[in-house]
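Model, not experiment: these values are computed from the prediction. Start at 1 and go down the list; that is how both ligands and their atoms are numbered. Note that the numbering runs from 1 along the sequence shown for the chain.
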Amino acid sequence: MSCKLIHLVAAARPNFMKIAPLYHVLKTSSWAKVKLVHTGQHYDLNMSDVFFRDLCLPAPDHNLGVGSGPHGEQTGLVMTRFEQLLLKERPDAVIVPGDVNSTMGCALAAVKLGVKVVHLEAGLRSFDRSMPEEINRVVTDAVSDLLWTPSCDGDENLRMEGIPRHKIVRVGNIMIDTLEMLRSKIEADDACQRLGLQDKKFVLVTLHRPSNVDDSAILTRICLSLIKMAQFTTVCFPVHPRTSSRLKALGLDASLLHQGVRLIDPLGYTAFMNLVFGASVILTDSGGLQEESSYMGIPCLTLRPNTERPITVVQGTNRLITPEQIVDLVHKSLCLASGTRHSIPLWDGKTAHRAANSLQEFFFCEGQTC
Ligand code: UD1
């Protein structure tokens, strides 16, 4: 069996958690030589390096250093720099996770050079093309050779877009692998204790979507709700850099702090998940948190009109809400908070193994029975 060179793309905070379990499985496979390619879309210590440490990932083999910028510029830089690397190394396949600009940029650069593209977390759709991530998902799926979906809705969406059935493999949710792989470290972390947060006595808030934080009127309305919440519960809010600069520009950071909302810097994986485990309610616009909270049975209020993860609403703890509903629904959720864990098929900690098996079949068993 010949050894296949695989580029595993890391780029931005939510994707480090998706590639880690797969990296560890592929690293032990005799048929695969895996190289980590960081595009550098996220680059701050607490947006990138700390995740490599927490997830036991080595330093990337390559860092394309693209940094921040407008969509066209950032995606263009990813394509230009990744193309140069692809021409030099000629990998047998590129694995791109999630839906960030680097996901699409790397997929496009690879497919145009005839390099096989594998999409980890394929098929998710919010059906909202005003979201940059939705464009990235649709384009990436359209050019991928192998599409790994986390749930049945992903398979259905791809079939409706005309993707041939043989390209779609439902492997499950890889974020759950990471959570289970690091559960004991998460439980042993002292983040809640350090921050003086009592178990099941606080609301954890994360916000970074342009639709919530880039518009001054919407962000101000959300912050007023957080201030009202702080009058009846503890509110802990690790602030994403995009959100941080918007809060500072509007002078809202000082008002929030003054009114008792606990603004903190972004945290690494185990520290942040320690807060997730301890939270009574989560208020968020993140994709991954909708899944992690559903898996853990923690009530999740998602500040968005739609979700590409409908299974978390139908089978999990997730509820989509508007800014006007925040205070009332957080209050109600705190009164009702229960700890029911949800069991969603293939969210079982074994996704990385299924993905690696699927890739091995893709390389070595095409057209044969393996
Ligand atoms: C990106 C993804 C989004 C994902 C999110 C997770 C796209 C289109 N969006 O959004 O899907 O949910 O990551 O965080 O790819 N910045 C820093 N330090 C960093 C990284 C960013 O300060 O390490 C600041 C910069 O000012 C930058 C801004 O954050 O302009 C936004 O970063 P960017 O990667 O463009 O988008 P995100 O909002 O992080």
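- Taking Ile, Leu, Val, Met, Phe, Trp and Tyr as hydrophobic and joining them when side-chain heavy atoms fall under 4.5 Å apart, one finds L124 isolated, its cluster having no other members.
- Here the heavy atom of the protein found nearest to atom 24 (C) of ligand 1 is P241 CB, 3.7 Å.
- Protein heavy atom at the shortest distance from atom 25 (C) of ligand 1 is S68 OG, 3.3 Å.
- Atom 5 (C) of ligand 1 has as its closest protein heavy atom H208 NE2, 3.6 Å.
- The one candidate from L146, L359, V117 that meets the side-chain contact (heavy atoms from CB on, under 4.5 Å) condition with I95 is L359.
- Aromatic ring centroids of Y43 and H38 lie 6.0 Å or more apart.
- When the heavy-atom distances from atom 29 (O) of ligand 1 to R209, R242, M104 are ranked, the shortest goes to R242.
- If you check each of R246, E133, H42 against atom 32 (O) of ligand 1, the one with the closest non-hydrogen atom is H42.
- Contact analysis leaves S245 out of contact with ligand 1, as no non-hydrogen atom separation drops below 4.0 angstrom.
- No more than 12 heavy-atom neighbours from other residues, nucleotides or ligands sit within 6.0 angstrom of CZ on R165.
- One distance of note links CG of L283 with SG of C236; it measures 12.5 Å at 0.5 Å rounding.
- For atom 8 (C) of ligand 1, the closest non-hydrogen atom of the protein is N101 OD1, 3.3 Å.
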